[in-house]
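Start at 1 with the first residue, then count along the sequence. Indexing begins at 1, ligand by ligand and atom by atom, following the structure's order. Just so you know, these numbers come straight off a predicted model, no measurement behind them.
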Amino acid sequence: MTTPHDTPKPSNFLRGIIERDLETGTWSQRRFAGTPGDGAHHAAGPLDPAKIRTRFPPEPNGYLHVGHAKSICLNFGLARDYGGVCHLRFDDTNPEKEEQEYVDAIIEAVHWLGFDWQAHGVDHLYYASNYFGFMVRAAEALIGAGLAYVDEQSADEMRANRGDFTTPGTDSPFRDRTPAENLERFREMQSGRMPDGAAVLRAKIDMASPNINLRDPALYRIKHATHHNTGDTWCVYPMYAYAHPIEDALENITHSICTLEFEDQRPWYDWLLDKLADLGLLQRPAPRQHEFGRLNLTYVITSKRKLKALVDEGIVDGWDDPRMPTLFGMRRRGYTPESIRAMADGTGASKTNIWLEYSVLEGCLRDDLEGKAPRAMAVIDPLPLKLTNWADVFGAGHIEACHAPAHPQRPELGQRSFGLGPALWIERDDFAEVPAKGFFRLFPGNKVRLKYGLVVECTGCEKDAAGNVTAVLATVVPDTRSGTPGADAVKVKGTITWIGQHDAVPATIQLYDRLFTEPQPDAGGRDFREALNPHSKRVVQGYVEPALAGVPADQRYQFERHGYFVTDRKLHRPDAPVFNRITTLKDSWGK
Ligand code: ATP
Ligand code: MG
């Protein structure tokens, strides 16, 4: 079973379909032998303990992205909610593009999102390539029944004879071969003696069908290629549209959920499984395909080809660059699995492709981190603050011990401690020599509170020869320690964060922003490179408070006033900290 989590889900049409199926017992008599297999295999097994079966079927030819997360949450979530099981299946029928590296990465990413595929003592992790033997057997059964033939037209002839939306197709001259002749030619295709492209095996349906997918779709093509799982066993490989329904059927999938572009394939999906059940190869009732709308996020591209271009052209630093919408990129950026699941669940499932505002995803992230992330002070653009009367007030060398809750609503997380001394780091933009209207922080003559510390009054600044401010000068206002009687006697309009120079921890801080400046970077066929944000990454040297010395990677914090940050899982070292900005505290996407 998948792990239980999260809040109640909004309704969607897939839930309606599943609930009706459960009510009418559509799937209740199906048997499941514990492993994938043909009709006879399952018939010998017990009733399927899973009320429904769904699957997430990635092709292992790239890294998973936020769009896949939608599909993962939908498929695993529906199975979890309805007493079912969701399989992880590698749709690895295409030998050329698939690699073990992607298989491993996909497993890791789905686990990270919070799902697994163990149920009823079985590990439901499958590879479509393990079904190649059955797929050939099914193809030969179709040939035997006169439902498939080997076509030796050239690719150009085949394309021309397929017709188009307004013109019916033309029958291939090879269409009337006998089953015996077709079987002989299909075996020849498998023998390795025919070159790539010399022949294809096609279903014999209807070249005049208004649905082009039913105009004798291809089942098998010749491809002399080594496969990551089956090696050189095969030189014929099944077409996706032939393989996918069979994969579903062998695994006893009940609800085969896919995106809208497969809607026109559904008659072919049904035709194929119906014929294979007629031929006694597959159990009934057959799985059913249901299509839902893709999830697109504004300011994000999810095409694998375009994401690959970002990596290959060095626009980002690899697939797990914190700006990438891959699950590995988002993980490194500091996104939590909970926030991604909340976003996916919150969007339900509909019959149209949707564009979700990126700010919705960030909202889910802030909601999750607000209650979880310990607070800390950080100075991102440091400027020294010198408290010139420190020795007079406290005595030279004195350090005031300061404390603050790790989280304002979670006392169980304890206290953080840091020291206030005569030399501090503050944010450069917390000082203005000449304040703009409404600026309440440091300017000559103004008083501000150093958060968790005391009130100081700005007296001026130091500059270098070029006129740049190199330090701010201020004096301590005595008896204003936060939390002491009389601390509020001196009223101030501004409070600033700071870090003592004596206990500051130097840190590299990677400030990330949106990768694209346009909400739909590749809309209307535009080159997404034209919409790149030149300021999507800025790396600065700052300081964090001493409580953060030596922390491990992958820890999330709220830096007060700045936003949420995470120790980078790749670059961070306890003795050389690297923080990524996950997001700012407030939404800036709408502006
Ligand atoms: P591409 O077409 O970019 O190569 P793909 O999305 O087709 O990628 P698959 O590995 O085949 O890649 O996808 C696995 C599953 O994820 C499919 O069922 C697919 O429909 C689903 N999926 C992919 N992108 C989205 C999305 N944006 N929204 C919802 N589901 C998606
Ligand atoms: Mg695909």
Side-chain angles (χ1 to χ4, degrees), residues 12-14 53-79 86-94 96-99 101-107 109-110 113 115 117 125-129 228 239-241 243-245 247-248 251 253 255-266 269 287-311 319 324-328 330 340-341 343-358 360-361 520-522 528:
N12 66 53
F13 77 96
L14 293 169
R53 284 183 190 271
T54 56
R55 83 285 172 269
F56 173 63
E59 195 180 341
N61 64 352
Y63 289 90
L64 296 183
H65 54 61
V66 63
H68 294 120
K70 171 71 203 176
S71 176
I72 294 168
C73 293
L74 193 59
N75 280 293
F76 281 94
L78 289 170
C86 181
H87 301 184
L88 176 62
R89 179 204 306 149
F90 288 103
D91 211 326
D92 58 351
T93 54
N94 190 351
E96 280 157 342
K97 293 189 287 179
E98 295 154 4
E99 286 173 32
E101 175 195 346
Y102 298 127
V103 168
D104 297 339
I106 289 169
I107 289 175
V110 180
L113 253 193
F115 299 102
W117 35 89
L125 171 65
Y126 300 116
Y127 293 83
S129 55
H228 81 108
M239 304 302 290
Y240 176 85
H244 202 87
E247 295 158 24
D248 286 343
E251 291 177 21
I253 299 303
H255 300 81
S256 178
I257 297 165
C258 62
T259 40
L260 281 181
E261 67 271 22
F262 291 100
E263 195 164 13
D264 292 344
Q265 295 276 7
R266 185 164 10 106
Y269 184 105
R288 287 196 202 139
Q289 176 181 302
H290 304 280
E291 310 87 19
F292 75 102
R294 255 176 200 270
L295 175 73
N296 302 295
L297 269 183
T298 58
Y299 298 99
V300 164
I301 55 175
T302 52
S303 150
K304 275 181 207 161
R305 184 176 54 78
K306 293 174 188 170
L307 293 177
K308 190 167 185 307
L310 289 173
V311 174
W319 286 98
M324 287 285 271
T326 54
L327 293 182
F328 280 7
M330 295 173 79
I340 299 174
R341 293 200 302 262
M343 180 276 298
D345 293 343
T347 50
S350 71
K351 271 287 187 187
T352 46
N353 294 327
I354 60 163
W355 276 94
L356 186 71
E357 293 292 335
Y358 197 86
V360 173
L361 173 59
Q520 299 186 11
D522 49 0
F528 58 89

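Side chain of Thr298 to main chain of Tyr358: a donor-acceptor pair is present (N/O by atom type, distance under 3.5 Å, no hydrogens or angles). Between the side chain of Ser303 and the backbone N or O of Arg305, at least one donor-acceptor pair lies under 3.5 Å. The backbone N or O of Phe262 sits less than 3.5 Å from a side-chain atom of Gln289, completing a donor-acceptor pair. Looking at Arg341, its side chain never comes within 3.5 Å of a backbone N or O of Cys73 through a donor-acceptor pair. Judged purely by atom type and a 3.5 angstrom limit, His244 has no side-chain atom pairing as donor or acceptor with the backbone of Ala241.
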*asked:* Under the criterion ring pair (Phe, Tyr, Trp, His ring centres under 6.0 Å), I'd like the reasoning laid out for Tyr126 against Phe90: C-alpha separation, chi angles, the key distance, then a yes or no.
replied: CA-CA 6 Å; Tyr126 300 116; Phe90 288 103; over 10 Å; no

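Numbered from 1 in the order shown, with element, the atoms of ligand 1 that lie under 4.0 Å from a heavy atom of Phe292 read 29 (C), 30 (N). Atoms of ligand 1 lying under 4.0 Å from any heavy atom of Ser71, numbered from 1 in the order shown and given with element: 16 (O), 21 (C), 30 (N). Distances below 4.0 Å separate heavy atoms of Pro58 from the following atoms of ligand 1: 10 (O), 14 (C). Which parts of ligand 1 touch His65 is read off a 4.0 Å heavy-atom cut-off, strictly below it: atoms 24 (N). Near Phe56, meaning under 4.0 Å from any of its heavy atoms, are these atoms of ligand 1: 14 (C), 15 (C), 16 (O).
With a heavy-atom cut-off of 4.0 Å, Arg305 does not touch ligand 1 at all.
The residues Glu251 and Arg89 are annotated as salt-bridged, a charged nitrogen and a carboxylate oxygen being separated by less than 4.0 angstrom.
For ligand 1, the polar-atom distance check against Pro57 finds no nitrogen or oxygen pair separated by under 3.5 Å. For ligand 1, the polar-atom distance check finds an N/O of Lys304 within less than 3.5 Å of one of the ligand's N/O atoms. Looking at Ser303 next to ligand 1, no N or O pair under 3.5 Å apart turns up. Checked by distance only, ligand 1 and Asn296 stay at 3.5 Å or farther apart across all their nitrogen or oxygen atoms.
Relative to atom 5 (P) of ligand 1, the option among Glu291, His68, Glu59, His244 with the closest non-hydrogen atom is His68.
Residues Tyr127 and Pro60 form no side-chain contact, since every pair of their non-hydrogen atoms from C-beta on lies 4.5 Å or further apart.
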